[in-house]
Amino acid sequence: MTGAGGRGDDPRGDLPLGKLALAVVGSATVVLALVTVLMIVLQPSPVVGLIIVLVGIACAIAVMGLVSTRMTRRAYGRGDDRS
């Protein structure tokens with residue numbers, strides 16, 4: 001009997017969508033939690049606080065992209081049709 005997707009015992013190629021979603025959202029949550037702790041500890045002025053929050057949101061988006069790309073490449077490989 002073959003494994004998932006008919007690929008035999010190869011664990012690559014098996015990436016549950018729920019696992020990917022939880023990992024991506026979880027990584028963004030960790031970044032935003034760190035930004036929240038930073039805001040509580042520093043208690044910056046409104047302008048500095050806005051800058052910290054905007055940088056935190058940008059970092060959360062970047063981490064989401066990194067985690068999803070890494071998990072997808074680990075499951076499916078890079079592919080041969082890259083430019």
Side-chain angles (χ1 to χ4, degrees):
M1 181 172 257
T2 61
R7 297 175 189 235
D9 293 329
D10 188 12
R12 293 171 49 113
D14 184 27
L15 179 62
L17 195 56
K19 182 178 178 181
L20 177 64
L22 283 175
V24 169
V25 172
S27 64
T29 302
V30 168
V31 171
L32 293 177
L34 290 174
V35 170
T36 302
V37 169
L38 185 66
M39 292 289 291
I40 291 171
V41 169
L42 293 180
Q43 295 182 355
S45 67
V47 174
V48 174
L50 179 63
I51 292 170
I52 292 172
V53 169
L54 290 175
V55 169
I57 291 171
C59 288
I61 293 170
V63 167
M64 289 170 63
L66 287 172
V67 169
S68 65
T69 301
R70 186 173 182 172
M71 288 181 71
T72 305
R73 284 185 178 163
R74 186 177 294 163
Y76 301 115
R78 282 187 166 257
D80 295 331
D81 54 351
R82 291 188 305 145
S83 297

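For the atom pair CD1 (Ile52) and CD1 (Ile57), the distance works out to 12.5 Å, reported to the nearest 0.5 Å. Remark: Leu17 CG to Lys19 NZ distance equals 12.5 Å, nearest 0.5 Å. The distance from atom CG of Leu20 to atom CZ of Arg70, rounded to the nearest 0.5 Å, is 13.5 Å. How far CE of Met64 is from SG of Cys59: 13.0 Å, rounded to the nearest 0.5 Å.
Side-chain contact between Leu34 and Leu38 is absent, with no heavy atoms from C-beta onward closer than 4.5 Å. At a threshold of 4.5 Å between non-hydrogen side-chain atoms, the residues Val30 and Val63 do not count as touching.
Shortest non-hydrogen contact noted between Pro44 and Met39 is CD-O, 3.7 Å. When every heavy atom of Gly56 is checked against every heavy atom of Val31, the shortest pair comes out as O-CG1, 3.8 Å.
Not one N or O on the side chain of Thr69 forms a donor-acceptor pair closer than 3.5 Å with the backbone of Leu66.
One hydrophobic cluster holds both Val53 and Leu42 under the rule that ILVMFWY side chains link at heavy-atom gaps under 4.5 Å. One hydrophobic cluster holds both Val67 and Leu15 under the rule that ILVMFWY side chains link at heavy-atom gaps under 4.5 Å.
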